[in-house]
Amino acid sequence: MPHSPAAWWRTASIYQIYVRSFADGNGDGIGDVAGIRERLPYLRDLGVDALWLTPWYVSPMADAGYDVADYRDIDPIFGTLAEAEALIGEAHENGLRLIVDLVPNHCSDRHPWFREALAAAPGSAARERFWFVPGRGEHGELPPNDWQSYFGGPAWTRVTEADGSPGPWYLHMFAPQQPDLNWEHPQVREEFEDILRFWLDRGVDGFRIDVAHGLTKKPGLPDVGPDPDPADLPYQDTDGVHAIYRSWRAIIDAYEGERVFVGEVWLPTPSQFARYLRPDELHSAFNFEFLCCAWEPGPIREVIEQTLAAHAPVGAPPTWVLSNHDTIRHVTRYGRQETGFDMGNKRHGAPTDLDLGLRRARAAALLTLALPGGVYVYQGDELGLAEVEDIPDDLLQDPTWERSGHTDRGRDGCRVPLPWNGEHPPFGFSPPDAATEPWLPQPLAWKDTTVEAQTGEPSSMLSLYRAALVLRRTDLTRLPETVSWLDAGPGTVAFVRGDGFACVVNFSEAPIELPAHHGVLLASGPVVDGLLPSDTCVWLRLTPGGTDDL
Ligand code: NOJ
Ligand code: CA
């Protein structure tokens with residue numbers, strides 16, 4: 001079925017719930033399904049259209065649930081399958097669609113298939129669902145190739161056979177507890193098609209696909225070599241991956257209700273990226289170019305233009321994302337000297353001006369919500385949370401910390417449990433009588449950023465998000481998917497959509513004058529006497545002639 005022009009997901013605002021940090025219903029310090037169910041009215045009132053939940057499946061939690069041991073059940077930490085089904089129904093009753101996370105590149109080393117593979121004799125069929133490969137060197141003591149895990153260290157771990165002898169190596173592009181599945185194997189394909197149907201039958205509205213560019217590997221698993229072309233790595237974006245998404249698309253299209261795929265596609269070139277969004281593949285994908293872009297007018301405008309240009313030929317809607325559970329929160333990024341984001345160099349602890357970061361984050365919120373396409377809000381963005389950079393070393397949980405030899409503090413700083421209300425931790429994250437503290441410590445200063453503290457406070461980030469999401473839904477989603485650029489002076493990014501809506505961002509240090517013929521719909525900072533302050537974004541309703549002086 002071709003991409004339909006009026007489908008909900010073309011303009012959706014999707015809220016990312018990092019399940020273990022959203023709300024804890026049973027008081028064990030870990031977020032869960034019960035907590036989400038209690039907070040559905042909050043999400044409904046925020047004005048988002050859909051929720052994306054990070055993995056809630058049975059998992060030993062070696063990578064916070066991205067190591068799945070049973071794709072058809074909920075981990076007891078998070079609740080039960082019955083609770084998950086109830087949540088799907090209740091989300092729908094609240095007008096919210098629900099997208100679950102699918103992790104097809106790898107499973108857990110506790111998944112029955114991997115246990116069976118380890119227990120099976122060398123060379124047996126049970127091992128063919130994974131990548132078990134003899135090592136190099138005289139005695140097979142060296143990894144089969146030079147691939148490095150995204151979490152640091154070699155992407156291979158050597159097996160010890162039942163009789164104690166050293167065996168082949170298995171591939172894990174992430175932690176050793178996350179063996180990569182062999183997508184050349186028909187059983188792997190059948191299994192995931194069945195998993196898709198399992199959740200579609202339970203009413204989910206779609207899937208976020210983890211590492212969507214990585215499922216298939218280049219035949220022969222060749223070395224990367226000393227100076228690899230980032231656009232031609234043997235473990236990502238190999239041609240075979242597209243056939244998988246075509247078969248999945250046929251499955252999802254057979255269900256009622258416009259259910260969708262959103263791919264986690266990290267690739268260096270827009271043309272590679274766009275191939276995933278052809279009409280018979282994925283509906284949408286995260287725009288990481290935008291997330292990584294520095295807060296500077298030239299690069300921001302360029303990345304917006306490139307995004308629109310890459311999506312248009314395949315008819316897919318662009319998406320906009322500022323933060324997620326893997327990145328440094330953008331309030332912190334934008335408060336630094338170097339405002340871009342690089343997954344390989346997170347610059348933990350760089351000097352940060354959080355007031356500046358917050359002001360820019362407010363402007364960025366309005367910018368993203370004004371652009372055509374879909375937008376993702378990571379939990380806590382709407383509260384203006386900054387990265388928590390002072391988690392004590394011994395409390396860090398992300399495998400990146402250990403695997404990098406304590407050089408990369410990992411992703412815990414953006415995963416700290418949300419502050420809901422009250423003056424002290426757990427700030428309503430857990431029930432008042434909870435015996436256990438939140439799984440990561442919350443900063444005491446968060447007492448001023450709780451949902452309770454920000455509700456009804458006109459100048460709060462939460463009020464800004466609520467107002468913007470409402471206006472976006474009532475007015476902006478009806479506008480054409482194109483933008484016309486305006487020249488609002490150096491240091492600005494400004495565009496018009498339709499015949500009367502304009503968005504202007506001032507990146508320069510001095511205020512700029514707004515056009516005379518306009519009404520301010522919403523601004524991320526004070527607009528006084530027609531002057532737009534530095535690092536501020538405004539939404540304007542232009543009256544005839546309003547663009548003349550821009
Ligand atoms: C991407 C996910 O967003 C991240 O959290 C996870 O560690 C890796 N994929 C591996 O599943
Ligand atoms: Ca809990």
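Both ligands and their constituent atoms are indexed starting at 1 by order of listing.
For the Ca ion (ligand 2), the neighbouring protein N/O/S atoms at less than 3.0 Å, given as residue and atom, are Asp24 OD1, Asn26 OD1, Asp28 OD1, Ile30 O, Asp32 OD2.
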Step by step, would you call Phe288 with Trp266 a ring-ring contact (aromatic ring centres under 6.0 Å, His included)? CA-CA 7 Å; Phe288 294 120; Trp266 287 93; 3.8 Å; yes
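Ring-centre distance between Trp320 and Phe290: below the 6.0 Å cut-off. Two rings, from Trp52 and Phe286, have their centers less than 6.0 Å apart. Side-chain rings of Tyr150 and Phe174 approach one another, their centers coming within less than 6.0 Å.
Using a distance-only test at 3.5 Å, with no hydrogens or angles considered, no donor-acceptor pair links the side chain of Glu289 to the main chain of Val303.
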Please give the N or O to N or O pairs under 3.5 Å between ligand 1 and the protein, distances rounded to 0.1 Å.
{"unit_1": "ligand 1", "atom_1": "3 (O)", "unit_2": "Arg208", "atom_2": "NH2", "d": "3.0"}
{"unit_1": "ligand 1", "atom_1": "3 (O)", "unit_2": "His325", "atom_2": "NE2", "d": "2.8"}
{"unit_1": "ligand 1", "atom_1": "3 (O)", "unit_2": "Asp326", "atom_2": "OD2", "d": "2.5"}
{"unit_1": "ligand 1", "atom_1": "5 (O)", "unit_2": "His325", "atom_2": "NE2", "d": "3.0"}
{"unit_1": "ligand 1", "atom_1": "5 (O)", "unit_2": "Asp326", "atom_2": "OD1", "d": "2.7"}
{"unit_1": "ligand 1", "atom_1": "5 (O)", "unit_2": "Arg411", "atom_2": "NH1", "d": "3.3"}
{"unit_1": "ligand 1", "atom_1": "7 (O)", "unit_2": "Asp63", "atom_2": "OD1", "d": "3.4"}
{"unit_1": "ligand 1", "atom_1": "7 (O)", "unit_2": "Asp63", "atom_2": "OD2", "d": "2.6"}
{"unit_1": "ligand 1", "atom_1": "7 (O)", "unit_2": "Arg411", "atom_2": "NH1", "d": "2.9"}
{"unit_1": "ligand 1", "atom_1": "9 (N)", "unit_2": "Asp210", "atom_2": "OD1", "d": "2.8"}
{"unit_1": "ligand 1", "atom_1": "9 (N)", "unit_2": "Asp210", "atom_2": "OD2", "d": "3.2"}
{"unit_1": "ligand 1", "atom_1": "11 (O)", "unit_2": "His106", "atom_2": "NE2", "d": "2.9"}
{"unit_1": "ligand 1", "atom_1": "11 (O)", "unit_2": "Asp210", "atom_2": "OD2", "d": "2.6"}

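The salt bridge (Lys or Arg N to Asp or Glu O under 4.0 Å) contacts involving residues 71-93 comprise Arg37-Glu90, Arg72-Glu191, Arg72-Asp194, Glu85-Arg202, where partners must be two or more places apart or lie in separate chains.
Residue Leu444 qualifies as open at atom CG: its count of foreign heavy atoms under 6.0 Å is 12 or below.
For the pair Trp131 and His172, the minimum side-chain heavy-atom distance is 4.5 Å or more.
Shown here are the salt bridge (Lys or Arg N to Asp or Glu O under 4.0 Å) partners of Asp28, two or more places apart in sequence or in another chain: there are none.
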